[in-house]
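The chains referred to below are lettered A, B, ... by the order of the sequence lines, with proteins before strands, and numbering in each begins at 1.
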Number of protein chains: 2
Amino acid sequence: MPDRRSQILDAAAALIAEHGFTSTSVDDVIKGAKLSGKSHFYHYFKSKDELGYEVLNRQFERFSERGLAVLREPMIDPLERLNLFIDSVVALQAESGGRRGSPFGNLAAELADAHEGFRVRIEAVFERWASQIRSLLWEARPQLQDDVDAVRLSRFIIAALEGAVLMTRVKRDMAMLEGIAFDLKRFIAMHGRDALVVPVVRTSE
Amino acid sequence: MPDRRSQILDAAAALIAEHGFTSTSVDDVIKGAKLSGKSHFYHYFKSKDELGYEVLNRQFERFSERGLAVLREPMIDPLERLNLFIDSVVALQAESGGRRGSPFGNLAAELADAHEGFRVRIEAVFERWASQIRSLLWEARPQLQDDVDAVRLSRFIIAALEGAVLMTRVKRDMAMLEGIAFDLKRFIAMHGRDALVVPVVRTSE
DNA sequence: TGCTTTTAGGACCATACGGTCCTAATTTAG
DNA sequence: CTAAATTAGGACCGTATGGTCCTAAAAGCA
């Protein structure tokens, strides 16, 4: 695995995070990675799509190491870890001044309809993400109410975070994300055993 | 306001909902609206962007009439209206088998970073949407706990729905959206006066 | 030394796109 | 009837894009 590959992947990741996949041309990547030309690029990747796939994989690995890692910290209370994780998502978004977000949500929204290859890969990413949250919820079982649906709750957490990141990108205002993160933490806390009353849902059916 | 304009806008809206704005070419719109050629199109719209802006406006007006309308029904209990609204979003997504979603979220994700003109218009759309939910929450004040933050809650609702729609598009599974909608309703219900205990938030700060 | 991989750089291509321009037929309104 | 608006249709243009092909200089390795 040559070093140049990483260089290309890094440059591509930065460009894609900034402008999206479609708006990032191969020539842009070549400039960003300071390659000599097209042939140089195609010496390492057989197509732009392949590049995109590898960038996506890489993003998830980084996210798993840096963001998701806290979910597995054995010395911290599980529900506390979940709060820390939510904070880390907020912090990540803050780094770009609210402009970027989870790279998965961006790609998902951009390509889910148009590009099946990406869609399935992004689906897998979300599944792996959800699975880690499910593990944590399983671990936190003793502190949670008996009827907590880990699958449903894990999906809700991810959806709320992705939606929050999207809204924040549109509004360019970190307060948006912070407020939603706050509410999300409250919602999770309400699944604890110490939350005595879970109000009845008013369904319209 | 000629009839042909509407025809073009309808065709464009359908195509954009299906493939996104960038992936919808002017020629596609021309075919979809059965125009004779480019000049015919540019007789009605001065650019593709202008077309996009008008489609966005139209989508919001429709959404306001069809989706948001229930929020203003004076004969129904406010919080019940909110649940009905959430159901309507689920139903809307179900119509396309989970493939499409709120057209705003799609456009937002696709263009918020790349196209400032769209970004500000989408921001306005979300603001108007949030404002309608805030009004409803204000109306529901007597039934809500005193410390409910209407601004924060309205944003949370929209973010959760947009995130849910996004995840559903990726997963192509309506169960995703239904589960999140269920949890969202529960979260709203927990702001009611009848919800006796609001658990303490575990913040990590 | 030789052979392979990497770097360099340019020419080229088919396709697609947004947009302009021009001419002429057809329809609509006053 | 006449002028204006609409419909029709095609030629064009500049630009960008993903991708291929080819040649040749360096670098790394046996």
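B:Tyr44 places its OH atom 8 Å from the C1' atom of D:dT7, with the value rounded to the nearest Å. Atom NZ in A:Lys31 sits roughly 11 Å away from atom P in D:dG18 (whole-Å rounding). For the pair B:Phe45 CZ and D:dT6 P, the computed distance is 12 Å after rounding to whole Å. As rounded to whole Å, 10 Å separates atom C1' of C:dG18 from atom CZ of B:Phe41. Between the OH atom of A:Tyr42 and the P atom of C:dG10 there is a distance of 18 Å, given to the nearest Å. The nearest whole Å value for the distance from the NE2 atom in B:His40 to the P atom in C:dT20 is 17 Å. Across the protein-nucleic acid pair, B:His43 atom NE2 and C:dC21 atom P stand 16 Å apart, rounded to whole Å.
The aromatic rings of A:Phe156 and A:Phe187 sit tilted, their planes meeting at an angle between 30° and 60°.
Between the side chain of A:Ser47 and the base of D:dG19, no donor-acceptor pair under 3.5 Å is found.
Taking the side chain of B:Ser36 as heavy atoms from C-beta on, and the options D:dT6, D:dA8, C:dG9, the nearest nucleotide is D:dA8. The side chain of A:Lys38 sits closest to D:dG19 out of D:dT6, D:dG19, C:dG9.
Side-chain atoms of B:His115 and B:Asp49 include a donor-acceptor pair closer than 3.5 Å. For B:Arg169 and B:Asn106, the side-chain atoms include at least one donor-acceptor pair closer than 3.5 Å.
Remark: B:Arg5 is positioned above the aromatic ring of B:Phe45, its terminal NZ or CZ atom under 6.0 angstrom from the ring centre and at most 45 degrees off the axis. For B:Lys48 and B:Phe21, the positive end sits near the middle of the six-membered ring, less than 6.0 Å away and at most 45° from its axis.
The stretch residues 14-30 of chain B touches DNA chain C through B:Thr24, B:Ser25, B:Val26, each having a heavy atom within less than 4.0 Å of the strand.
By the 6.0 Å contact criterion, CZ on A:Arg128 is open, its count of non-hydrogen atoms from other residues, nucleotides or ligands being 12 or less.
Between the CZ atom in A:Arg172 and the CZ atom in B:Arg119 there is a gap of 4.5 Å [rounded to 0.5 Å].
For C:dT6, neither phosphate oxygen OP1 nor OP2 lies less than 4.0 angstrom from any side-chain nitrogen or oxygen of A:Arg4. Side-chain N/O atoms of A:Lys48 include one lying less than 4.0 angstrom from OP1 or OP2 on D:dG18.
Both A:Asp49 and B:Gly37 sit near DNA chain D, but only B:Gly37 has its closest nucleotide nearer the 5' end.
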